[in-house]
Number of protein chains: 2
Amino acid sequence: MEQKRKATIVDVAKLAGVSVATVSRVVNANYPVKEETRTRVQDAIRELDYVPNVQARELNTRRSSTIGVVVPGLYNMFFAQVIDGIEDYLRQDAYSLLLNCAKNDPKQEMKCITALVSRNVSGIIVISPNTAHIKESFYTQLVRRTPLVFINAYHYIPDVSYVGNDEALGTQEALRHLMQLGHQRILFVRGANSDSYQIKEDTFRVVMRGRGIQPDKYIVNIGEGNSAETVDDTQQTLLGALPQTDATAVFCCNDLMGVGALNACKALNLRVPDDISIMGFDNIALARYVSPKLTTMDQNMFRLGSNAAQLLIERIENGPCKRITLDNVLVKRETTGRAPMRMEG
Amino acid sequence: MEQKRKATIVDVAKLAGVSVATVSRVVNANYPVKEETRTRVQDAIRELDYVPNVQARELNTRRSSTIGVVVPGLYNMFFAQVIDGIEDYLRQDAYSLLLNCAKNDPKQEMKCITALVSRNVSGIIVISPNTAHIKESFYTQLVRRTPLVFINAYHYIPDVSYVGNDEALGTQEALRHLMQLGHQRILFVRGANSDSYQIKEDTFRVVMRGRGIQPDKYIVNIGEGNSAETVDDTQQTLLGALPQTDATAVFCCNDLMGVGALNACKALNLRVPDDISIMGFDNIALARYVSPKLTTMDQNMFRLGSNAAQLLIERIENGPCKRITLDNVLVKRETTGRAPMRMEG
DNA sequence: CTGTTAGCGCCTTCAG
DNA sequence: CTGAAGGCGCTAACAG
């Protein structure tokens, strides 16, 4: 069966016996039209099942009501929840969302963005956990023609709006929570290739040194931190690391790792939080689903997303470039508790 | 800072001293162009940072390389993983993905679709778990102009392609697995408002009756099955139901419920799988993350997504309407085991 | 090989 | 209040 040709404004005009201009006017309701002709046009529209062609409209008004979103992938619910927030905000402003996954590959990321630009999006939101080998000139060039918002990126580029959490502060808060419970020695679990891990590690080092503890031997890197294997990889790594450490608590750079740590403890017959405490970071849905429920720092991804959408739209409408930093808030659940008594001596 | 006006094909033509047709030819590489002029044009393109306007191109060729995807939301990783599969396949065919969340609301769903049509997408993929109050005429009308693919929808509409799992068969398989382990009385946990739950329940009833067991008192409905609260809701419901049942196993319509059941067991101090077995359905990432790891029926969402994308593209290129049914495969993990000995008598 | 030209579907002055 | 006409950026004949 062949597709029916879509009706155009000309078809409607003909059927209604008016000019295309008039049809345009009733569709957009931007100029007065006599009641009677309006209904005639509307009848024709219904009859032909006419839907205006947004592409044509936008070509000629040189505006575009779609925005592009680039994420590394959907494996970590973190990104899904951010997208949820973006989508929700955009819907209210009648924007549409073009989604691209960059697979954690900077080259892919730039490709996605070019594709988005050629699709004439009116702005782009990028979540790029790793801005280390970011091609800065690419972005400075890009932003001259297309408004840009980064989420949680730690790489300053002029005129790029930004929304993120103060992860250094969040890390301090998390560490303080642990210390208030009496934990002195804390194992720091991070992944590879993400600015946010580095920021957290730096913070960790400072805090530990401030407590007179040499941090080096308390840091473990489990590799890729946002993949389908992150939980298992973390568990495997900690199965080796946990028995050798004298730490009484584990701080994980995200919840995937947190759950991996939890599973490692179970496998090792360590009671959580009685024998050892665990903290995650992000507060993805998973954190609530496991048992015991994971204590974590909430990044409120939904808000991250909706704020980013808001900034982008402001920028599109010639508002200023802004940089918003949100607070992480501690969500105490069931994996943190008082440090166990020292048995030695 | 104001945006730089984007360069057009005319700008490039002028700078290179050629006609727009020639520029078009080198951009699309579809007609021979003399080596020397080609490089001249390419230089101009680079100099002006020219990116072709896809909207204009597609307006003119009456094709469109974007397709629309409508999902209920991103809360259940199920949908995120399906999208992953779609995105991956589309990328290879240079299509882009316009994402819309319908929030489980049929009205919203139709709105999304209309928006997609007006954006001139060349096809639409819909995941709509609940086709009960589907407005059939809307879809029959729609499909006359835009190719359509349903994922996991149990509502036949002529000329709509479809890809899904045989959930009845999957349910049988799951039940058989449980029965082979010696379980006779099985609790069936479902949610509200989804065709797939109903299909599973019907299958459950038939199987149980076949075993001479009255199914009614073994069926529990936990309400909304794809929300952020599904896990907790299930846990709450089962906290009440589990102590009153003589079932030795629980079959859950999706993994969110499966994890909820698992948590309920923990809270009740029931050992899984020694005291009670639990089966999920879907095999979302979460199933592997919890501990003990959830035994479940794999729906292979990624494949669901990539197959849907493939069907859609075939249809767009005037291929036939197809209906594909994939198999669920049993993934034995750690939550199912032999039925406990009966203590009574 | 290259330039000219006529639209794609729509909006928007500019005249009635 | 309504119609005619130009043009958004690009492609696809059709002539050279």
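Residue numbering restarts at 1 for every chain, and letters A, B, ... go by the order of the sequence lines.
With distances taken from any side-chain atom of A:Thr8 to the nucleotides C:dT2, C:dC10, D:dC10, the minimum falls on C:dC10. Minimum atom distance to the side chain of A:Lys34 is reached by D:dC1, of the listed D:dC1, C:dG9, D:dG9. Considering only side-chain atoms of B:Pro32, the nucleotide from C:dG3, C:dC1, C:dC10 that sits closest is C:dC1. Minimum atom distance to the side chain of B:Arg62 is reached by C:dC8, of the listed C:dC10, C:dC8, D:dG3. Here the nucleotide nearest the side chain of A:Thr22, chosen from D:dT2, D:dC10, C:dT2, is D:dT2. Checking C:dC11, D:dC8, C:dC1 against every side-chain atom of A:Ser24, the shortest atom distance belongs to C:dC11.
Summarising the local packing, CZ of B:Arg323 is surrounded by more than 12 heavy atoms from other residues, nucleotides or ligands at distances under 6.0 Å. Heavy atoms of other residues, nucleotides or ligands lying less than 6.0 angstrom from NZ of B:Lys111 number 12 at most. Heavy-atom neighbours of A:Lys103 NZ from other residues, nucleotides or ligands within 6.0 Å: above the threshold of 12.
With rounding to whole Å, A:Ile9 atom CD1 is found 16 Å from D:dA5 atom P. We find that CD of A:Glu58 is positioned 12 Å from P of C:dT12, with the value rounded to whole Å. Rounded to whole angstrom, the span from the CG atom of A:Asn60 across to the C1' atom of C:dC11 amounts to 4 Å. The nearest whole Å value for the distance from the NZ atom in A:Lys14 to the C1' atom in C:dG9 is 13 Å. Between A:Asn30 atom CG and C:dC10 atom P there is a gap of 14 Å when expressed in whole angstrom units. Here C:dC8 presents its C1' atom at 13 Å from NZ of A:Lys6, a figure rounded to the nearest Å. If you take CG of B:Leu48 and C1' of D:dG9, they are 15 Å apart, rounded to a whole angstrom. Atom CG in A:Asn120 sits roughly 13 Å away from atom C1' in D:dC10 (whole-Å rounding).
Between B:Asn53 and D:dT11 there is no side-chain polar atom (N or O) within less than 4.0 angstrom of OP1 or OP2. Distances shown here put every side-chain N or O of A:Tyr31 at or beyond 4.0 Å from the OP1 or OP2 atom of C:dC14. One finds a side-chain N or O of B:Asn28 lying less than 4.0 angstrom from the OP1 or OP2 phosphate oxygen of D:dT11.
Within the 4.0 angstrom heavy-atom criterion, no nucleotide atom of any strand lies near B:Val54. Nucleic acid contact for B:Thr61: sugar-phosphate only, since backbone atoms but no base atoms lie under 4.0 Å from a heavy atom of the residue. Note on A:Val18: only backbone sugar-phosphate atoms sit closer than 4.0 angstrom, heavy atoms only; bases stay farther off.
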- Under the salt bridge (Lys or Arg N to Asp or Glu O under 4.0 Å) criterion, do A:Arg145 and B:Asp49 qualify, and how do the steps go? CA-CA 10 Å; A:Arg145 57 156 60 151; B:Asp49 202 13; 3.8 Å; yes

- Task: Give the intermediate values and the outcome of side chain to side chain contact (heavy atoms under 4.5 Å, CB included) for residues B:Asn53 and A:Leu59.
- Result: CA-CA 9 Å; B:Asn53 182 328; A:Leu59 173 59; 4.3 Å; yes

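Map B:Arg25 and B:Leu59 each onto its nearest nucleotide of DNA chain D; the residue landing nearer the 5' end is B:Leu59. Residues B:Arg57 and B:Val33 both approach DNA chain C. Their nearest nucleotides, taken by heavy-atom distance, put B:Val33 toward the 5′ side.
For B:Pro147 against B:Leu312, the heavy-atom pair with the smallest separation is O-CD1, 3.7 Å.
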